[in-house]
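Input: a single structure, listed below in C-alpha cells.
Every value quoted in this text rests on a predicted model; they were computed, and no experiment measured them. By convention in this document, chain letters (A, B, ...) are assigned in the order of the sequence lines, proteins followed by strands, and residues within each chain are numbered from 1.
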Amino acid sequence: MPITNAEIAEVFDRLAALVEIEGDSPFKVRAYQRAARTITSLPVELSQMVQETADLRAVKGIGEQIAAKIHEIVTTGQMQSYERKKAALPEGVLTILEVPGIGPKTAYRIATDLGVTTVDELERALADGRVAALPRMGEKATESILQTLQTRGAKGKRLPVSLTLPIAEQVIAALRERCPSLKTLAPAGSLRRFEETVGDIDLMGTSDDPEKVLDAFADLPLVSEVLVHGPKKASVLVKGMQIDLRIVPEDQFGSLMQYFTGSREHNIQLRELAVRKGLSINEYGITHVDTGEMVAFSDEASLYSYLDLQYIPPELRQGLDEIDLARQGAIPHLIEEADLLGDLHAHTDQSDGRDPLEAMIQAARERGLQYIAITDHSRSSTIANGLNEDRLRHHVQHIRELDSLLPDIKVLAGSEVDIRADGTMDYSDEILADLDFVVGSVHSAMEQDKAAMTRRVVRAMENPRVDVIGHLTCRLLGHRHPTNADVEVVLQAALRTGTAVEINCLPHRLDIKDTHARRARDLGVPMIISTDSHKFEDYSQARLGIGIARRAWCEPKHVLNTLPLEGFLASIKGHKRR
DNA sequence: GCCGTTTTCGGCCCGACTGTTTTCAGTCG
C-alpha cells in the first residue's frame with residue numbers, strides 16, 4: 001500500500017516542528033511547512049509521480065533535498081532524518097505540541113524539564129502548578145491551556161463544511177440583529193474557499209465603530225466562551241467551534257477579505273510578489289515601501305488588479321500555480337451553480353428516499369432544472385429497500401408516464417445499481433439496457449484490498465450500460481475511510497471506457513474530492529455533479545459539489561450536466577463504447 | 001531549504017493578542 005500525500009505531508013509538518021525545536025534556521029522550518037501544505041493540495045499522488053520517475057522539483061516549494069526525502073519515504077516507507085531527529089528529542093514532545101496554546105518552545109521545556117510524555121500527564125502537570133513554574137509561563141497561561149484541553153481536546157477538530165455553514169449563518173444573523181451599525185458581514189477563510197472541512201470560522205465585517213461590534217459579538221447569547229477580545233479582533237466559541245471576527249472601515253474591506261480568505265500559502269506568495277514590486281501587503285491595504293503611502297481597497301478585484309493580476313476566485317487560492325496563471329491572464333471562468341441544467345442522481349420513497357416521485361420532480365422543476373434522472377437503489381441494497389426486477393419495471397413505467405405529461409422537464413428512468421464484489425452489476429444487461437441512465441456504485445464489501453477494489457470498479461466501467469460511477473471512494477467524512485480503490489487507475493479506465501465520474505454533493509460524502517476532480521479534469525475524464533438527493537431539499541446541496549468542481553479548476557465544459565438535454569444525452573451515448 | 005523579468009547568493013510575509021514582562025517572547029492565523 002503506497003504512502004498517501006496526506007501521510008507524507010504529516011511527516012513534513014512534524015519534521016518542521018522538530019527542526020524548530022532544535023533551533024535550526026526558521027527558513028528551513030518554513031520550507032518544510034510550505035512543502036507539507038503544498039503536498040496536501042497536490043492533484044497527483046507523490047507515490048504515483050515517483051513510480052513514473054516524474055521530476056518532483058517541478059512542484060513549487062520542492063527542491064533537491066525535499067525531493068530526495070520524498071523519494072526516500074515513498075520507496076522505503078521511512079525518512080531517516082526525521083526518525084533520527086525524533087529519536088534524539090525527549091519522548092512526547094510531538095504529542096504535547098498538538099495541544100492548542102503550546103508551541104515548540106513550551107513543548108520542549110515541558111517534555112525535558114518535567115519529563116511529561118502524554119496528554120494525561122500534561123493535564124496533571126498543568127493542574128499542580130509544575131508548568132506554571134517554567135520560565136515565561138504563569139497562572140493565567142496554564143489555566144487557559146488547561147481549559148482548552150478540557151473543553152476541546154488535544155487536537156483541534158475540523159468539521160465538514162456543510163455543518164459549519166449553518167453555524168456561520170446563525171452567528172451572522174444574530175450579530176446583525178444586535179448591531180444595526182454593522183454594514184457588511186461575510187465568512188472568509190477555509191469556509192469561503194470551500195475546503196471540505198473547516199477548523200474555525202472567520203467572519204469579516206465593516207463598521208464605523210468596530211469596538212462596539214466586537215463587544216456585541218463577545219456578548220452574543222450563542223457564545224459559550226470568549227477566547228480573545230481586543231479592539232480589532234475577537235475570538236469566541238460557539239457550539240465548540242472557534243469563531244474569529246475582524247472589523248474594519250468600509251474602504252478597507254477588500255484588503256481584509258483577501259487577507260483572511262487565504263490560503264496561508266497563497267497569501268505568502270502574494271506578499272512575496274508584492275515585496276519584489278516594492279510593496280507591502282497587510283490586512284488594511286498595500287503600502288509603497290519607499291514613500292510609506294498606503295492604498296486601501298474596498299473590493300478584492302481591485303487589489304489583485306493593483307498587483308497586475310487577474311482576479312483569483314477564493315476556491316483557487318491554494319498556493320499552487322494560481323498566481324503565475326493570474327499574471328498570464330490564464331485563470332479560467334469557473335463553473336457556477338446556475339450552469340447545472342440537470343441532476344442525475346435522486347432517490348424516491350420507492351427505495352430509501354423520503355419523498356414520492358411526484359414531489360421530487362416538482363422540486364426539480366421549481367429549481368429550473370431541464371432534466372433529472374430518478375435512480376433508486378437496486379435489488380441487493382436491501383437495507384435501502386432496493387427494487388427487485390418487478391418493482392423496477394413498474395417504477396420505470398410510472399416514471400415514463402409522468403414524464404410524457406411534462407413538457408418543461410425530462411425525467412430519465414434510471415437506477416443506482418450496486419457494483420457487486422466481483423465487479424458485475426446487480427441487474428442483468430437486458431434490464432440495464434432498458435434504463436435511460438445508470439449510476440454504478442459500491443455499497444458493500446468495502447474492505448476489499450486495493451487490487452480487488454480497483455479491478456471491481458474498472459470492470460463496472462467496462463460494462464457499456466454504466467454511464468457514471470457514483471461516489472467513487474465511498475468515504476463518509478469523519479466516519480468511514482475511503483475504499484482502497486486506486487483512484488489513478490480508475491480515472492485512466494474512465495477515460496478509456498468513456499465512463500463519467502460523479503461528484504457527489506451529499507455533505508458527508510463530497511466524493512470524489514477536490515484533488516481527484518482536478519486530476520480527472522486534467523486527464524479529460526467527464527464529470528457529472530449530482531446531489532444524490534434523498535428528499536427534495538437535498539437538491540440545494542449542489543452548491544457543495546460546485547465548490548469541489550471550482551477547487552478543481554472546472555469550467556462548465558468539464559461537467560456533462562451543464563449541457564442542454566439533447567447534448568447531454570448525445571454525450572453520454574457518444575462517450576461510451578456500446 | 002527554496003528560489004530568481006533585480007539575484008546561482010542572499011534574501012526569505014505580516015500582524016494581533018496575551019501574559020509575563022519593564023521591552024518582548026510565544027503562539028496563532
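Among the atoms of the strands shown, only primed sugar atoms or phosphate atoms (P, OP1, OP2) are found under 4.0 Å from some heavy atom of A:R109. No contact: A:L270 has no heavy atom under 4.0 Å from any strand. Among the protein residues, A:F12 comes within range of no part of the nucleic acid, since none of its heavy atoms lies under 4.0 Å from any strand. Using a 4.0 Å heavy-atom distance criterion, A:R246 is classed as a sugar-phosphate-only contact. Across all strands, A:Q269 comes closer than 4.0 Å to no nucleic acid atom at all (heavy-atom distances). Note on A:T106: only backbone sugar-phosphate atoms sit closer than 4.0 angstrom, heavy atoms only; bases stay farther off. Heavy atoms of A:S280 sit under 4.0 angstrom from primed sugar atoms or phosphate atoms, though from no base atom. If you check every strand for non-hydrogen atoms under 4.0 Å, A:P231 touches sugar and phosphate atoms only. Residue A:Y32 is classed as a sugar-phosphate contact, given heavy-atom separations below 4.0 Å to backbone atoms only. Across all strands, A:P26 comes closer than 4.0 Å to no nucleic acid atom at all (heavy-atom distances).
Between the C1' atoms of B:dT20 and B:dA25, the separation comes to 9 Å (whole Å). For the C1' atom pair drawn from B:dG26 and B:dT21, the interatomic distance equals 13 Å after rounding to whole Å. Going from the P atom of B:dT23 to that of B:dC28 covers 26 Å, rounded to whole Å. Rounded to the nearest Å, the gap between the P atom of B:dT8 and that of B:dC3 is 16 Å. For the P atoms, the distance from B:dT5 to B:dG1 is 23 Å, rounded to whole Å. The same atom, C1', is picked in B:dT22 and in B:dG29; the two are 28 Å apart, to the nearest Å. Taking atom P on both B:dT7 and B:dG11, the two are 14 Å apart, rounded to the nearest angstrom. Comparing the C1' positions of B:dA16 and B:dG10 gives an interatomic distance of 30 Å, to the nearest angstrom.
The distance from atom CG of A:D244 to atom C1' of B:dG15 is 14 Å, rounded to the nearest whole Å. Protein atom CG of A:L227 is 14 Å distant from nucleotide atom C1' of B:dA16, rounded to whole Å. What separates CD1 of A:I268 from C1' of B:dC2 is a distance of 13 Å, to the nearest Å. Look at NE2 on A:H229: it is 21 Å from P on B:dC28, rounded to the nearest Å. When rounded to the nearest whole Å, the span between CZ of A:R158 and C1' of B:dG29 equals 12 Å. If you measure from atom CE of A:M137 to atom P of B:dT21, you get 11 Å, rounded to the nearest angstrom. Whole-Å rounding puts the A:R30 CZ to B:dT27 P distance at 19 Å. Computed from coordinates, the A:R193 CZ to B:dG29 C1' distance equals 11 Å when rounded to whole Å.
The aromatic rings of A:Y311 and A:Y304 sit perpendicular to each other, their planes meeting at more than 60°, with 30° as the lower class boundary.
The nucleotide whose nearest atom lies closest to any side-chain atom of A:I66 is, among B:dG15, B:dG1, B:dT18, B:dG1. Of the candidates B:dC17, B:dT20, B:dG15, B:dT20 carries the atom nearest the A:A141 side chain, counting heavy atoms from C-beta on. Here the side chain of A:P104 is nearest to one of B:dT27, B:dC17, B:dT20, namely B:dT27. Listed candidates were B:dA16, B:dG29, B:dC12. Nearest to the side chain of A:Q242 is B:dG29. Out of B:dG29, B:dG19, B:dC14, the shortest distance to the side chain of A:V275 is found at B:dC14. Counting only heavy atoms from C-beta on, A:Q65 has its side chain closest to B:dG1 among B:dT20, B:dG1, B:dG15. Closest approach to the A:R136 side chain among B:dC12, B:dG26, B:dG15 is made by B:dG26 (side chain taken as heavy atoms from C-beta onward).
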Working note: A:E555 + A:H333, criterion side chain to side chain donor-acceptor pair (under 3.5 Å); need CA distance, chi angles, decisive distance, verdict.
CA-CA 6 Å; A:E555 303 167 56; A:H333 184 78; over 6 Å; no
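Dashed line: the shortest gap from a side-chain N or O of A:Y284 to OP1 or OP2 of B:dA16 is under 4.0 Å. Side-chain nitrogen and oxygen atoms of A:K232 include at least one within less than 4.0 Å of the OP1 or OP2 phosphate oxygen of B:dA16.
The CD atom of A:E250 lies 12.5 Å from the CG atom of A:L256; values are rounded to the nearest 0.5 Å.
Under the salt bridge (Lys or Arg N to Asp or Glu O under 4.0 Å) test applied with A:R317, the options A:E195, A:E265, A:E300 reduce to a single match, A:E300.
At most 12 heavy atoms of other shown residues, nucleotides or ligands fall within 6.0 angstrom of atom NE2 in A:H481. The number of heavy-atom neighbours closer than 6.0 Å to CD of A:E272, taken from other residues, nucleotides and ligands shown, is above 12. Around OH of A:Y108, the count of heavy atoms belonging to other residues, nucleotides or ligands within 6.0 Å does not exceed 12.
Judged by closest nucleotide on DNA chain B, A:R327 is the one of A:A107 and A:R327 placed further toward the 5' end. Heavy-atom nearest nucleotides on DNA chain B were determined for A:A234 and for A:I102, and the one closer to the 5' end corresponds to A:A234.
A:Q492 and A:E488 are linked by a side-chain donor-acceptor pair at a separation below 3.5 angstrom, with hydrogens and angles left out of the test.
Under the stacking definition used here (centres under 5.5 Å, planes under 30°), the residue A:F27 fails to qualify as stacked on the base of B:dC2.
Evaluation of atom-type donor-acceptor distances gives a pair under 3.5 Å for the side chain of A:R264 against the base of B:dG29.
Using N1 to N3 plus N6-O4 or O6-N4 for Watson-Crick, or N1-O2 and O6-N3 for G-U wobble, each under 3.5 Å, B:dT8 pairs with nothing.
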